[in-house]
Protein chains: 2
Amino acid sequence: MANTDGPTRERISITAYELLKEKGVSGLSMRALADRLHIKAPSLYKHVADKDEIIADLQARGLREFGEAIKKAGKSRKAKALAYRKWALGNPHLYEITVSIPLLRDRIPPGLEDGVTKMIIEITGKDHAHARAVWALMHGLVDLEIAGRFPKDADLDLTWKRAIAMIGKA
Amino acid sequence: MANTDGPTRERISITAYELLKEKGVSGLSMRALADRLHIKAPSLYKHVADKDEIIADLQARGLREFGEAIKKAGKSRKAKALAYRKWALGNPHLYEITVSIPLLRDRIPPGLEDGVTKMIIEITGKDHAHARAVWALMHGLVDLEIAGRFPKDADLDLTWKRAIAMIGKA
DNA sequence: ATTTCAGGCTAACACTGTTAGCAAGGGAGA
DNA sequence: TCTCCCTTGCTAACAGTGTTAGCCTGAAAT
């Protein structure tokens, strides 16, 4: 071994997260990740089966942190909704890799996804169908905002206000 | 010239669309596109500046066809909403490249995007903020459905019903 | 007939994920 | 202590991506 303290699986995970935060999904390459760990790209495969394992890792982290952020927020639907927006916009790359990319269900800890889904259902306090519609509304808002699909002069605070009104009344 | 009838810009556009329909966004490579046109990849650059020009082309087509589909639908909000879903699910790859990828605003015909936006505003019959919330709701539903984020046993027809109820009441 | 040029071509570069095969060092067992 | 093995690094390489440089050829225009 050339290096006495090689990268553990944990360090790889943390470094991947830092790289994602700084460079986004497209900047998360195996070579860039290896560089930060001061090893060569092929050596990563001694710790990890493939890139999907790293992505699954980040998706799990995203689900976990997102879940905590929502849990911490005030109890009202409005507070939860605004927490959703705040978290997603504060962690756009993590949000993207967690929600805008096919979820690697087989490779994340079981129950994680269900936990988040159930939490959304509890917040809305209605049936699954309603909860899914609410989730879709919030996801759509965030996705379009991150993707820059709304015009620059769009009043998104007002848009969220309208969206929250829609949730409350139906 | 080896071939007497080389690919025109129009043929490139059509072939790219066919390729997208069949192979999806990830299958739309310059080499695969060139193959279908019976030329080599570098020759494409005699007709097109870069791949983004082709993507912008498809985004414009997506906006156009999507706009027509919504226009054709029944006048009720419900009919429009269901037309949105139907079109998106019927043209998932075109929907993805049009909406789930950053829009190349500088390279699509001016007014196209605004036209679609205005149409949505007209349908909702309220202010811009409300229209954007409605759009986000529909986009979120479709995006999550295409991405396979809803469980297999989810009743999505019911979810859309709830969503449409939300639109109507707020 | 000569020239110009559109539109093909091959070779190549930098990047992506990934595999094969080699080497060196540390830890475990005899 | 010696030896073996296994972990974990390495380089070279492959197939794929978008893209550029430079060459060649046939058709059209002067």
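In the text below, chain A, chain B and the rest are named by the order of the sequence lines, each starting its count at 1. Model, not experiment: these values are computed from the prediction. Just so you know, these numbers use all the heavy atoms, side chains as well, and skip hydrogens, waters and symmetry mates.
- Crowding of A/H93 atom NE2: a count of heavy atoms from other residues, nucleotides or ligands under 6.0 Å exceeding 12.
- B/K23 has its NZ atom 12 Å from the P atom of D/dT17, to the nearest Å.
- Listed pair B/S29 / D/dT17 meets the phosphate criterion, a side-chain N or O lying under 4.0 Å from OP1 or OP2.
- Side-chain atoms of B/K46 lie closest to C/dG8 of the nucleotides C/dT19, D/dT19, C/dG8.
- Heavy atoms only, all atoms of each residue included: A/S13 and A/R61 are closest at OG-NH1, 3.5 Å.
- Salt bridge absent: B/D114 and B/R105 never bring a charged side-chain N and a carboxylate O closer than 4.0 Å.
- Regarding A/R9, its CZ atom lies at a distance of 14 Å from the P atom of D/dG9, rounded to whole Å.
- Distances shown here put every side-chain N or O of A/S43 at or beyond 4.0 Å from the OP1 or OP2 atom of D/dT8.
- Within a 6.0 Å sphere centred on NZ of B/K51, heavy atoms belonging to other residues, nucleotides or ligands number more than 12.
- Between B/K51 and D/dG18, a side-chain N or O to OP1/OP2 separation shorter than 4.0 Å is present.
- Between the CD1 atom of B/I39 and the P atom of C/dA6 there is a distance of 16 Å, rounded to whole Å.
- The side chain of B/H38 places no N or O atom within less than 4.0 Å of a non-bridging phosphate oxygen (OP1 or OP2) of C/dG8.
- Note on A/L28: only backbone sugar-phosphate atoms sit closer than 4.0 angstrom, heavy atoms only; bases stay farther off.
- Separating the CG atom of B/L33 from the P atom of D/dG16 is a distance of 17 Å, rounded to the nearest angstrom.
- Listed candidates were C/dG17, D/dA21, D/dC23. Nearest to the side chain of B/P42 is D/dA21.
- Per the geometry, CE belonging to B/M30 stands 17 Å off C1' belonging to C/dT16, to the nearest Å.
- Annotation: the span from A/D35 atom CG to A/S29 atom OG amounts to 7.5 Å, rounded to 0.5 Å.
- Between B/K40 atom NZ and D/dT17 atom P the separation is 13 Å, expressed in whole Å.
- The separation between B/D50 atom CG and D/dT17 atom P is 17 Å, rounded to whole Å.
- Between A/R31 atom CZ and C/dT19 atom P the separation is 13 Å, expressed in whole Å.
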